[in-house]
Amino acid sequence: MIPRKCTDRVIAPSLLAADFGRIKEETCRAIHAGADWMHLDVMDGHFVDNISFGPAVVQAVHESNDIFLDVHLMISRPDHYLQRFINAGADLITVHVEADHDALSTLRAIRAAGCQAGLALNPATPMSAVESFLGEIDLLLCMTVVPGFGGQAFMEEVLSKIETAALWRAEKGLKYHIEVDGGIGLATAVKATKAGANVLVAGSSTFSAPDMAAAIAALREA
Ligand code: DX5
Ligand code: ZN
């Protein structure tokens with residue numbers, strides 16, 4: 001596994017936009033097209049208005065290759081289900097600050113299990129909600145759409161939060177990645193990386209591209 005610094009550009013195609021009947025082949029397609037991480041969107045139909053997949057699919061992806069698995073839990077009780085995703089082979093687990101749990105103990109439990117810990121915030125959630133946890137995380141995910149569905153439009157108002165995330169990281173001497181998720185394509189990748197994001201999650205713009213390798217290469221250069 002290649003260690004990534006918080007200054008490295010990381011392209012993470014979201015499996016949510018893949019053909020679910022061919023999960024392993026789709027993962028291979030993303031890897032051969034140049035993906036750095038696979039982003040796996042877990043939705044419980046409660047925290048968000050959609051149901052995607054659970055630990056069994058994460059495990060199937062894990063067993064089919066050795067790409068870094070970036071697991072995004074859009075579930076109400078990440079603390080309760082955490083161990084199952086760790087056992088399934090997650091490398092990084094991101095939980096939402098808005099979920100129904102003690103975020104500090106969940107983040108510490110993720111790291112104690114040897115995984116990297118991510119914290120996500122929705123577009124409507126202010127940066128003040130995550131400030132006290134920044135020393136406990138490896139990645140901050142600034143959602144650039146209201147989570148639940150792929151193919152939505154990037155919300156420009158999140159750019160100022162990305163700038164704040166980068167500013168606070170420098171001021172506090174921290175090293176977390178800044179990830180963006182939702183509506184990322186060439187034009188929005190330019191804006192998000194300029195604001196300070198380094199991990200780009202992209203579903204539709206990678207899996208639905210006529211040439212996935214070209215789409216990933218373009219995001220890397222954006
Ligand atoms: C949104 C998910 C995203 C989604 C991104 O709820 O967390 O990861 O798959 O999809 P696109 O890139 O299509 O906006
Ligand atoms: Zn996601």
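In each ligand, atom 1 is the first atom listed, and ligand 1 is the first ligand listed. Start at 1 with the first residue, then count along the sequence.
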Identify whether the distance between the nearest side-chain nitrogen and carboxylate oxygen of [X] and [Y] falls below 4.0 Å.
| X | Y | value |
| --- | --- | --- |
| K172 | E131 | yes |
| D138 | R111 | yes |
| D44 | R77 | no |

Taking only heavy atoms of [X], which atoms of ligand 1 are found under 4.0 Å from at least one of them?
| X | value |
| --- | --- |
| V201 | 8 (O) |
| H72 | 7 (O) |
| G150 | 10 (O), 13 (O) |
| H39 | 8 (O) |
| P147 | 6 (O) |
| M43 | 6 (O) |
| M74 | 6 (O), 7 (O) |

Margin query: Apply side chain to side chain contact (heavy atoms under 4.5 Å, CB included) to residues M43 and F53 and explain how you reach the verdict.
Written below: CA-CA 7 Å; M43 304 178 179; F53 51 78; over 6 Å; no
In the protein, what heavy atom is nearest to [atom], and what distance, to one decimal place, separates them?
| atom | value |
| --- | --- |
| atom 3 (C) of ligand 1 | D181 OD1, 2.8 Å |
| atom 13 (O) of ligand 1 | S204 OG, 2.3 Å |
| atom 1 (C) of ligand 1 | F149 O, 3.7 Å |
| atom 12 (O) of ligand 1 | G203 N, 2.7 Å |
| atom 14 (O) of ligand 1 | G183 N, 2.8 Å |
| atom 2 (C) of ligand 1 | D41 OD2, 3.5 Å |

Note to self: Under 3.5 Å, is there a donor on one side chain and an acceptor on the other for H72 and H96?
What the structure shows: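 A donor-acceptor contact under 3.5 Å links the two side chains.
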Note to self: Is it the case that the side chains of D100 and S76 hold a donor-acceptor pair, with the cut-off being a distance below 3.5 Å and no angle test?
What the structure shows: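 Side-chain D/A pair, S76 to D100: absent.
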Indicate yes or no: does an N/O atom of [X] lie under 3.5 Å from an N/O atom of ligand 1?
| X | result |
| --- | --- |
| G148 | yes |
| S205 | no |
| V146 | no |
| L16 | no |

Check: Can you name the one residue among L69, D70, V71 that meets side-chain contact (heavy atoms from CB on, under 4.5 Å) with D91?
Finding: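 Between D91 and the candidates, side-chain contact (heavy atoms from CB on, under 4.5 Å) is satisfied uniquely by L69.
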Test item: [X] side-chain N/O and [Y] main-chain N/O as donor-acceptor pair under 3.5 Å:
| X | Y | result |
| --- | --- | --- |
| T188 | G183 | yes |
| T144 | F154 | no |
| E98 | N122 | yes |
| Y176 | E136 | no |
| N65 | V61 | yes |

Notebook entry, point to check: Taking the Zn ion (ligand 2) as the vertex, how big is the angle to NE2 in H39 and ND1 in H72, rounded to 10°?
Noted result: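 NE2 of H39, the Zn ion (ligand 2) and ND1 of H72 span an angle of about 100°.
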Margin query: I'd like to know whether ligand 1 has G182 as a neighbour, heavy-atom separation below 4.0 Å.
Written below: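 True for this residue.
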Item checked: G151 heavy atom under 4.0 Å from ligand 1 ->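 Yes, that is the case, since the closest heavy atom of the residue is under 4.0 Å from the ligand.
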Check: In D41, what N, O or S atom is nearest to the Zn ion (ligand 2), if we give its atom name?
Finding: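 Going through the N, O and S atoms of D41 one by one, OD1 ends up nearest to the Zn ion (ligand 2).
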Notebook entry, point to check: By atom name, which N, O or S atom of D181 is the nearest to the Zn ion (ligand 2)?
Noted result: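 The closest N, O or S atom of D181 to the Zn ion (ligand 2) is OD2.
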Checklist line | ligand 1 contact on A202 by region, counting heavy-atom pairs under 4.0 Å | finding: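 The part of A202 near ligand 1 is the backbone, not the side chain.
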Note to self: Would you say CG of D19 has more than 12 non-hydrogen atoms from neighbouring residues, nucleotides or ligands within 6.0 angstrom?
What the structure shows: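 For D19, atom CG is crowded (more than 12 foreign heavy atoms under 6.0 Å).
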Next item on the list: Evaluate whether atom OH of Y81 has more than 12 neighbouring non-hydrogen atoms of other residues, nucleotides or ligands under 6.0 angstrom away.
Entry: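 Atom OH in Y81 is not packed in, count stays at 12 or less.
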